[in-house]
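In what follows, a structure is listed as structure tokens, so that the remarks can point back to it.
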Amino acid sequence: MMIFKPYWDSEKVATIGREMWALFSSPVFYGFTFALFVVVLISNIWHLFKKGDHLVTLLLIFLAWLFYTIMVYQIDYVWDTLENVMRYSYKRFLFSFVPLLWFYVAAGRNINRLFEKIDNFIYPLPKTGKKR
């Protein structure tokens, strides 16, 4: 049942935080997706704030995650425990974020530079001064 008036329950927030951390840090379901996303996000901080690089993508990812988490928080769980909802339903919801996170990882400037260096190492250009 939905609760139509916003309220604050610190125990519920702590449970959601604990269960989210267990899902994000476990490599069982999502592999290293969340860990790599955090590493790339930290490496792209400069481009994010100075140039707004992929800012809209990042905002959409975080806002969708935040609104779903708020919705999970505002439901009164009379049929099951919050822990079970987080472990089973919330886990399935996070699978929809995996392609978005991999898009952000693959489209980042630092990752593109890394692959350009690998490409130039594997297929070096002749020393004519021309660039690709």
Side-chain angles (χ1 to χ4, degrees):
M1 169 173 229
M2 285 294 288
I3 298 171
F4 293 104
K5 294 182 195 173
Y7 73 100
W8 178 257
D9 183 1
S10 59
E11 184 178 321
K12 198 171 187 181
V13 170
T15 302
I16 289 175
R18 186 176 57 249
E19 294 295 328
M20 278 189 338
W21 177 253
L23 286 172
F24 290 151
S25 62
S26 172
V28 174
F29 301 112
Y30 314 107
F32 56 92
T33 299
F34 288 106
L36 186 62
F37 173 73
V38 169
V39 168
V40 170
L41 181 64
I42 291 170
S43 72
N44 286 338
I45 289 288
W46 170 261
H47 299 291
L48 184 65
F49 286 117
K50 290 295 180 181
K51 299 178 182 179
D53 194 30
H54 296 291
L55 182 64
V56 174
T57 305
L58 208 54
L59 283 174
L60 289 175
I61 290 170
F62 282 124
L63 286 176
W65 168 76
L66 177 71
F67 288 140
Y68 184 75
T69 305
I70 289 171
M71 186 186 73
V72 167
Y73 173 76
Q74 290 294 325
I75 294 175
D76 186 21
Y77 297 99
V78 293
W79 68 91
D80 205 356
T81 64
L82 178 61
E83 288 86 358
N84 283 340
V85 170
M86 292 295 291
R87 289 178 190 152
Y88 300 107
S89 298
Y90 196 84
K91 172 182 65 177
R92 288 186 188 102
F93 170 74
L94 286 180
F95 275 111
S96 65
F97 279 92
V98 171
L100 295 172
L101 297 179
W102 277 107
F103 172 76
Y104 182 80
V105 166
R109 285 186 190 250
N110 293 332
I111 298 296
N112 285 335
R113 272 196 215 126
L114 173 69
F115 279 106
E116 282 178 9
K117 288 182 181 184
I118 292 171
D119 188 40
N120 290 336
F121 178 74
I122 293 174
Y123 304 110
L125 289 174
K127 303 289 183 187
T128 61
K130 293 182 181 178
K131 291 189 173 185
R132 289 186 198 193

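Only this structure's heavy atoms are used, side chains among them; waters, hydrogens and symmetry mates stay out.
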Response to the item:
Rounding to 0.5 Å, atoms CD1 (I118) and CD1 (I122) come to a distance of 6.5 Å
Worksheet item: Out of curiosity, does F32 fall in the hydrophobic cluster containing F37 (side-chain heavy atoms, cut-off under 4.5 Å, transitive links)?
Response: yes
Item to complete: Report yes or no: do Y123 and L114 belong to one cluster of Ile/Leu/Val/Met/Phe/Trp/Tyr joined by side chain heavy-atom distances under 4.5 Å?
Response: yes
Fill in: Heavy-atom check, side chain of M86 versus side chain of T15, under 4.5 Å
no
Worksheet entry | Parallel, tilted or perpendicular: rings of Y90 and F93 (30°, 60°) | tilted
Worksheet item: Mind checking whether T57 and L100 have side chains closer than 4.5 Å, heavy atoms only?
Response: no
Worksheet entry | Over 12 non-hydrogen atoms of neighbours within 6.0 angstrom of CZ in F115 | no
Worksheet item: Are L60 and L66 in one and the same hydrophobic cluster, where Ile, Leu, Val, Met, Phe, Trp and Tyr link if side-chain heavy atoms are under 4.5 Å apart?
Response: no
Worksheet item: If only atom types and distance count, is the side chain of N110 paired as donor or acceptor with the main-chain N or O of S43 below 3.5 Å?
Response: yes
Item to complete: Please round to the nearest 0.5 Å and tell me the distance separating atom NZ of K117 and atom CZ of F121.
Response: 13.0 Å
Worksheet item: Under 6.0 Å between the ring centres of Y30 and F24?
Response: no
Item to complete: Give a yes or no on this: more than 12 heavy atoms of other residues, nucleotides or ligands lie within 6.0 Å of atom CH2 of W102.
Response: yes
Worksheet item: Can you get from Y68 to W21 by hopping between Ile, Leu, Val, Met, Phe, Trp and Tyr side chains that sit under 4.5 Å apart?
Response: no
Discussion item. Can you tell me how the ring of H54 sits relative to the ring of F103, calling it parallel under 30°, perpendicular over 60° and tilted otherwise?
Written reply: perpendicular
Fill in: Test item: Y104 and L41 side chains (from C-beta on) under 4.5 Å apart, heavy atoms
yes
Fill in: CA sep, side-chain torsions, deciding dist, call: W65, M20, side chain to side chain contact (heavy atoms under 4.5 Å, CB included)
CA-CA 11 Å; W65 168 76; M20 278 189 338; 3.4 Å; yes
Worksheet item: Is any side-chain heavy atom of E19 less than 4.5 Å from a side-chain heavy atom of V85?
Response: no
Item to complete: Answer with yes or no whether the hydrophobic clustering places L63 together with V56; edges join I, L, V, M, F, W, Y residues whose side-chain heavy atoms lie under 4.5 Å apart.
Response: no
Fill in: Shortest non-hydrogen contact from L36 toward V105
CD2-CG1, 3.8 Å
Worksheet item: CG/D119 to CG/N112 distance, rounded to the nearest 0.5 angstrom?
Response: 11.5 Å
Discussion item. Can you tell me how far apart CH2 (W46) and CZ (R109) are? Round to the nearest 0.5 Å.
Written reply: 12.0 Å
Practice prompt. List for me each residue that meets side chain to side chain contact (heavy atoms under 4.5 Å, CB included) alongside S26, sequence neighbours excluded, and say none if there are none.
Written response: V28
Item to complete: Report the C-alpha distance between F62 and L58 in whole Å, list the side-chain angles of each, state the deciding distance to 0.1 Å, and finish with yes or no for side chain to side chain contact (heavy atoms under 4.5 Å, CB included).
Response: CA-CA 6 Å; F62 282 124; L58 208 54; 3.7 Å; yes
Fill in: Spacing of L82 atom CG and I16 atom CD1 [to the nearest 0.5 Å]
5.0 Å
